[in-house]
Amino acid sequence: MMIVAQILRRVISAVAVLAFVGFGLVACKSVTSNDAVDYKSSGAVRGPNLSYPPDLITSQADRRYIVQDGTATMSEYNAAVKKSAQLRTNVMTGIPGMRIARDGERRWLVVEKPAPELYPQVKDFWQENGFLLVVDSPSTGIMETDWAENRAKIAQDWIRSTIGGALDSVYDTGERDKYKTRLEVSKPTETEIYITQRGAIEKCTTDTTGTCLSTIWTSRPNDPELEAAFLARLMERLGMTQEQAKAMVAVPLGPKTAKAKLIQDGVNKAHIDVNAGFDRAWRDVGLALDRSNFTVEDRDRSNGVYFVRYVNPKDLGDTKGFFTNLFSSKDDSSLKAKKYQVVVKKTGDEASTVYVQDADGKPENTPAGLQLLTLLTEQLSR
């Protein structure tokens with residue numbers, strides 16, 4: 001009994017000390033955050049969480065704290081820091097003619113600068129915000145981040161502020177995000193930048209009593225506010241002040257208008273009628289592809305063709321494990337991805353048609369083609 005009593009006294013003492021330290025820290029430090037997004041810290045201080053597939057949580061340190069190989073004197077170090085600051089100042093001098101464009105519920109950034117000059121800066125922007133790029137294609141102007149967790153959604157209570165560094169892996173939002181960025185050349189000296197977000201959420205599979213047996217990753221709705229937050233950050237990265245960027249993004253969006261309708265010509269023959277000219281339809285189809293399970297490999301705007309790969313969850317057999325499979329493999333060939341051509345054709349000043357072809361450019365008059373057009377119609381109608 002004496003041993004048990006001693007152990008209890010030690011535990012109570014430890015808890016009391018921890019509580020005292022915690023309240024002391026709360027008194028000295030604010031534990032709230034005004035930032036809506038924080039992906040950088042998700043991998044900066046943690047190793048892989050074995051509760052999830054290895055590719056889902058990627059350990060990535062902030063590049064500012066990486067010790068480079070070799071040795072240096074203090075004078076060399078100070079010179080390097082000064083040079084780095086000068087380079088940073090040069091990058092942040094600002095880009096004229098930068099604005100947010102809108103169409104209904106969609107936003108994108110327009111910059112008066114050629115895409116080849118912008119691409120390296122946009123790439124650095126994502127890496128500086130704590131993301132790894134799994135698609136990095138300067139030739140097509142397309143980049144895509146890996147899945148990451150938004151740590152800003154975790155409540156900053158005094159317990160986490162006190163011991164969160166030691167037990168950070170305990171805290172998890174159960175949500176993951178990834179972002180696609182596409183640079184479109186609208187004019188020789190003007191570039192449109194689109195940022196789209198995809199989300200996944202971890203849900204319980206339960207028995208008849210409501211007991212959680214296991215968890216699976218499923219899709220969650222697109223979050224336009226996250227896209228807007230990163231558009232504002234990118235504008236800051238390109239030289240605009242924080243106040244200007246937030247003010248531009250905060251302008252209310254226009255009313256939602258129905259622009260797309262799925263038309264079936266037969267059992268599997270189908271196309272989408274879009275109440276918009278070619279330029280607008282091309283842009284909307286690109287955004288719809290980015291927000292779906294499509295991967296844009298290339299595009300030919302002059303002929304109105306997107307060359308895409310698509311992973312059909314039904315082809316995986318285990319539909320419950322779709323996102324788990326997606327997290328655990330960066331090569332979607334293992335996910336039975338198939339290639340298609342999504343064609344946008346002008347049919348009038350304010351009318352366009354969208355249809356799907358197979359990899360060889362032949363009409364995809366199959367149930368798969370109808371399914372792809374149905375998915376695109378859902379996205380185009382949002």
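In this structure, Thr206 and Leu213 have side chains that are not in contact, with every pair of non-hydrogen atoms separated by 4.5 Å or more. Side-chain contact between Thr140 and Val296: absent, with no pair of heavy atoms (C-beta onward) separated by less than 4.5 Å. Under the 4.5 Å side-chain criterion, counting only non-hydrogen atoms from C-beta, Leu109 is not in contact with Arg99. Counting heavy atoms from C-beta outward, Glu202 and Ile216 have side chains that stay 4.5 Å or more apart. Looking only at side-chain heavy atoms (C-beta outward), Asp38 and Glu149 stay at 4.5 Å or farther from each other. Proximity of Lys338 to Asp358: side-chain heavy atoms (C-beta onward) are nowhere separated by under 4.5 Å. Counting heavy atoms from C-beta on, the side chains of Tyr355 and Val344 never come closer than 4.5 Å. Residues Ile263 and Ile272 fail the side-chain proximity criterion, which asks for heavy atoms closer than 4.5 Å.
Linking ILVMFWY residues whenever their side-chain heavy atoms come closer than 4.5 Å, directly or via other members, places Val37 and Ile193 in the same cluster. Both Met248 and Leu234 belong to a common hydrophobic cluster when Ile, Leu, Val, Met, Phe, Trp and Tyr are linked at side-chain heavy-atom distances under 4.5 angstrom. Hydrophobic cluster membership differs between Tyr340 and Phe307, with clusters built from Ile, Leu, Val, Met, Phe, Trp and Tyr side chains linked at under 4.5 angstrom. Note: the hydrophobic cluster containing Leu287 does not contain Val305 (ILVMFWY, side chain heavy atoms under 4.5 Å, direct or indirect links). Residues Val285 and Trp108 do not share a hydrophobic cluster, defined by chaining ILVMFWY side chains whose heavy atoms lie under 4.5 Å apart.
More than 12 heavy-atom neighbours from other residues, nucleotides or ligands sit within 6.0 angstrom of CG on Asp207.
Residues Ser186 and Thr191 come closest through the heavy atom pair OG-N, 4.4 Å. Shown here for Val110 and Ala101, the closest heavy-atom pair between the two residues is CG2-CB, 3.9 Å. Taking all atoms of both residues into account, the shortest heavy-atom contact from Leu380 to Ala288 is CD2-CB, 4.0 Å. The minimum heavy-atom distance between Arg102 and Ala250, with the atom names listed, is NH2-N, 4.4 Å. Scanning all heavy atoms of the two residues, the minimum distance from Leu289 to Lys180 falls at O-NZ, 4.0 Å. Closest approach of Thr377 and Ala260 over heavy atoms only: CG2-O, 4.4 Å.
Here NZ of Lys362 is found 11.5 Å from CD of Gln341. Values are rounded to the nearest 0.5 Å. If you take CD on Glu378 and OG on Ser292, they are separated by 8.5 Å, rounding to the nearest 0.5 Å. To the nearest 0.5 Å, atoms CZ (Arg198) and CG (Leu226) are separated by 14.5 Å. The NZ atom of Lys178 lies 11.5 Å from the CG atom of Leu132; values are rounded to the nearest 0.5 Å.
The aromatic rings of Tyr306 and Trp282 sit parallel to each other, their planes meeting at less than 30°, with 60° as the upper class boundary. Using the six-membered ring where Trp is involved, Phe131 and Trp126 have ring planes that are perpendicular, over 60° apart on the 30 and 60° scheme.
The backbone N or O of Glu175 lies less than 3.5 Å from a partner atom in the side chain of Thr173, making a donor-acceptor pair. In this structure, the side chain of Thr145 engages the main chain of Tyr179 through a donor-acceptor pair within 3.5 Å. Using a distance-only test at 3.5 Å, with no hydrogens or angles considered, a donor-acceptor pair links the side chain of Thr205 to the main chain of Ser214. Of the possible polar contacts, none joining the Arg237 side chain to the Glu128 backbone as a donor-acceptor pair under 3.5 Å is found.
If you check the side chains of Tyr119 and Asp136, you find a donor sitting under 3.5 Å from an acceptor. For the 3.5 Å distance criterion, the side chains of Gln371 and Thr374 fail to qualify, holding no donor opposite an acceptor. No side-chain donor from either of Thr347 and Ser352 sits under 3.5 Å from a side-chain acceptor of the other. Side-chain contact annotation: Glu192 with Tyr194, donor-acceptor N/O pair under 3.5 Å present. Inspection of the Asp223 and Gln197 side chains reveals no N or O donor paired with an N or O acceptor under 3.5 Å. A donor-acceptor contact closer than 3.5 angstrom links the side chains of Thr366 and Glu364.
A salt bridge links Asp279 with Arg301: at least one charged nitrogen is closer than 4.0 Å to a carboxylate oxygen. A salt bridge does not link Arg283 to Glu184: none of the charged side-chain nitrogens sits closer than 4.0 Å to a carboxylate oxygen. The pair Lys246-Glu236 does not meet the salt-bridge criterion, since no charged nitrogen lies less than 4.0 angstrom from a carboxylate oxygen. Salt bridge status for Arg220 with Asp177: present, with a side-chain N to carboxylate O gap under 4.0 Å. Ion pairing between Glu227 and Arg107 fails under the 4.0 Å rule for side-chain N and carboxylate O. A salt bridge links Arg280 to Asp103: one of the charged nitrogens lies within less than 4.0 Å of a carboxylate oxygen.
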ask   = Passes side chain to side chain contact (heavy atoms under 4.5 Å, CB included), Tyr310 versus Thr295? Steps please.
value = CA-CA 6 Å; Tyr310 176 72; Thr295 298; over 6 Å; no
inquiry  = Under the criterion side chain to side chain contact (heavy atoms under 4.5 Å, CB included), I'd like the reasoning laid out for Asn275 against Glu350: C-alpha separation, chi angles, the key distance, then a yes or no.
reply    = CA-CA 6 Å; Asn275 298 327; Glu350 292 296 326; over 6 Å; no
ask   = Checking side chain to side chain contact (heavy atoms under 4.5 Å, CB included) for the pair Thr181/Ile142: CA distance, chi angles, key distance, verdict?
value = CA-CA 6 Å; Thr181 307; Ile142 297 173; over 6 Å; no
task = Show your reasoning for whether side chain to side chain contact (heavy atoms under 4.5 Å, CB included) applies to Val354 and His271.
result = CA-CA 6 Å; Val354 180; His271 67 272; over 6 Å; no
